[in-house]
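Here is the structure we will look at, set down as structure tokens.
Quick note on labels: first sequence line is chain A, next is B, and so on, each numbered from 1. Please read all numbers here as calculations on a predicted model, not as lab measurements.
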Amino acid sequence: MKIATWNVNSLKVRLPQVLDWLAANPVDALCLQELKLPDDRLPLDALREAGYHTAAAGQSTYNGVAVLSRQPGRDVLRNIPGFDDAQQRLLAVTLDSPCGEIRIISAYCPNGQSLESDKYPYKLAWFAALRDHIEQELARYPRLALLGDFNVAPEDRDVHDPVKWEGQVLVSAPERAALQALIDLGLHDAFRLFDQPEKSFSWWDYRQLGFRRNAGLRIDHILLSDALREHCVSCAIDKEPRRLPQPSDHAPVIAELGCA
DNA sequence: ATGGTAGACATTCTA
């Protein structure tokens with residue numbers, strides 16, 4: 001079973017790339033972020049013709065998350081229960097696999113903008129609410145994968161220039177602590193289960209030739225519960241879509257679970 | 001210290 005995550009920065013613009021990518025990478029589930037489309041404008045027909053069911057929490061202009069899957073997802077949950085939020089940032093589905101049912105969750109964590117912004121405390125509050133929610137989800141679904149754009153680079157090796165970025169948003173100690181609190185529930189960064197090239201990143205700023213200079217951050221992650229970690233046989237970032245004309249600023253991340 | 005690019009919407013906000 002293969003699962004993946006991709007912040008597409010507008011599904012409207014990136015739909016052809018998503019369809020091409022799925023044809024070349026026929027994963028069982030693809031979590032998407034930054035759809036920037038309301039529910040009634042999602043390209044459900046095109047995705048169905050490509051062989052995928054769509055469960056989504058859409059939103060016009062900003063945010064919006066989805067899980068595309070070969071089999072229809074069930075027990076669809078939108079947003080974080082009890083966390084009052086107009087921004088569509090979380091979507092969970094349950095899928096069947098040979099090792100039992102798996103909870104797949106697509107997350108678009110807040111960016112935070114800067115440490116001085118009012119979006120920064122919102123980001124930390126969102127992470128705290130996510131932590132409490134995932135704790136409950138883990139109790140019900142021991143085989144759980146949380147995939148998405150976390151907008152946090154966990155360690156300095158996930159940052160192209162740690163000195164320049166020190167203390168900045170996406171890297172600051174409170175954000176890293178918030179991500180670690182989530183991981184401390186019993187999750188594992190699938191990417192770091194394996195040897196990886198140095199300077200591996202998943203996001204590069206559109207500005208200042210960020211991709212060409214590999215001036216990036218690793219902020220897109222696949223977090224696996226203990227029960228899934230033992231089945232994970234690979235995890236990689238696919239930089240190819242970032243090389244295309246009119247790319248998303250993020251690259252997909254794929255993990256393979258040996259239970260299928 | 002500033003602005004650089006991209007997307008959506010409407011000329012500014014978010015990332």
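- Residues A/I80, A/F83, A/L90, A/I105, A/Y122, A/W126, A/L130, A/I134, A/L138, A/L144, A/L146, A/F150, A/V152, A/L179, A/L182, A/I183, A/L185, A/L187, A/L223 make up the rest of the hydrophobic cluster containing A/F127, defined by ILVMFWY side-chain heavy atoms closer than 4.5 Å, directly or through other members.
- Among the heavy atoms of the strands lying under 4.0 Å from A/Y108 are primed sugar atoms or P, OP1, OP2 only; no base atom is included.
- The separation of B/dT14 from B/dC9, taken at their C1' atoms, amounts to 12 Å, rounded to a whole angstrom.
- As rounded to the nearest Å, B/dA8 and B/dG3 have P atoms that lie 24 Å from one another.
- Residues satisfying the side-chain contact (heavy atoms from CB on, under 4.5 Å) test with A/E34, not counting sequence neighbours, are A/N7, A/N9, A/K36, A/Y108.
- Residues meeting the side-chain hydrogen bond (donor to acceptor under 3.5 Å, both in side chains) test with A/D249, sequence neighbours left out: A/W203.
- Only the P atoms considered, B/dA6 is 22 Å distant from B/dA10, to the nearest whole Å.
- For DNA chain B, the contact window with chain A, defined by any atom under 4.0 Å from a protein heavy atom, covers B/dG3 to B/dA15 in 5' to 3' order.
- A search for side-chain contact (heavy atoms from CB on, under 4.5 Å) contacts involving A/N214 returns A/K199, A/F201, A/W204, A/K239, not counting sequence neighbours.
- Think of A/L244 as one node in a network of Ile, Leu, Val, Met, Phe, Trp and Tyr side chains linked at under 4.5 Å; it has no links at all.
- Scanning for side-chain contact (heavy atoms from CB on, under 4.5 Å) contacts around A/Q113 gives A/N111, A/S117, A/K119, with sequence neighbours left out.
- In terms of the side-chain hydrogen bond (donor to acceptor under 3.5 Å, both in side chains) criterion, residue partners of A/E135 (sequence neighbours excluded) are, by chain and number, A/R131.
- More than 12 heavy-atom neighbours from other residues, nucleotides or ligands sit within 6.0 angstrom of CG on A/D40.
- The residue among A/L11 and A/D149 whose nearest nucleotide of DNA chain B lies closer to the 5′ end is A/L11.
- Looking only at atom types and distance, the side chain of A/R103 has a donor-acceptor partner in the side chain of A/T94 under 3.5 Å away.
- For DNA chain B, the neighbouring residues in residues 54-63 of chain A, judged by any heavy atom under 4.0 Å, are A/S60, A/T61, A/Y62.
- The 5' end of DNA chain B is approached more closely, in terms of each residue's nearest nucleotide, by A/Y206 than by the other of A/D249 and A/Y206.
- Looking at residues 14-23 of chain A, you'll see A/R14 sit with a heavy atom under 4.0 Å from some atom of DNA chain B.
- Here the separation of B/dA15 from B/dG4, taken at their C1' atoms, is 14 Å to the nearest Å.
- In this structure, A/Y141 stands alone, with no Ile, Leu, Val, Met, Phe, Trp or Tyr side-chain heavy atom under 4.5 Å from its own, directly or through other members.
- In the hydrophobic clustering, A/I254 connects to A/W6, A/V8, A/L11, A/L15, A/V18, A/L19, A/W21, A/L22, A/V27, A/L30, A/L32, A/L35, A/L37, A/L42, A/L44, A/L47, A/Y52, A/L68, either directly or through intervening members, whenever side-chain heavy atoms lie under 4.5 Å apart.
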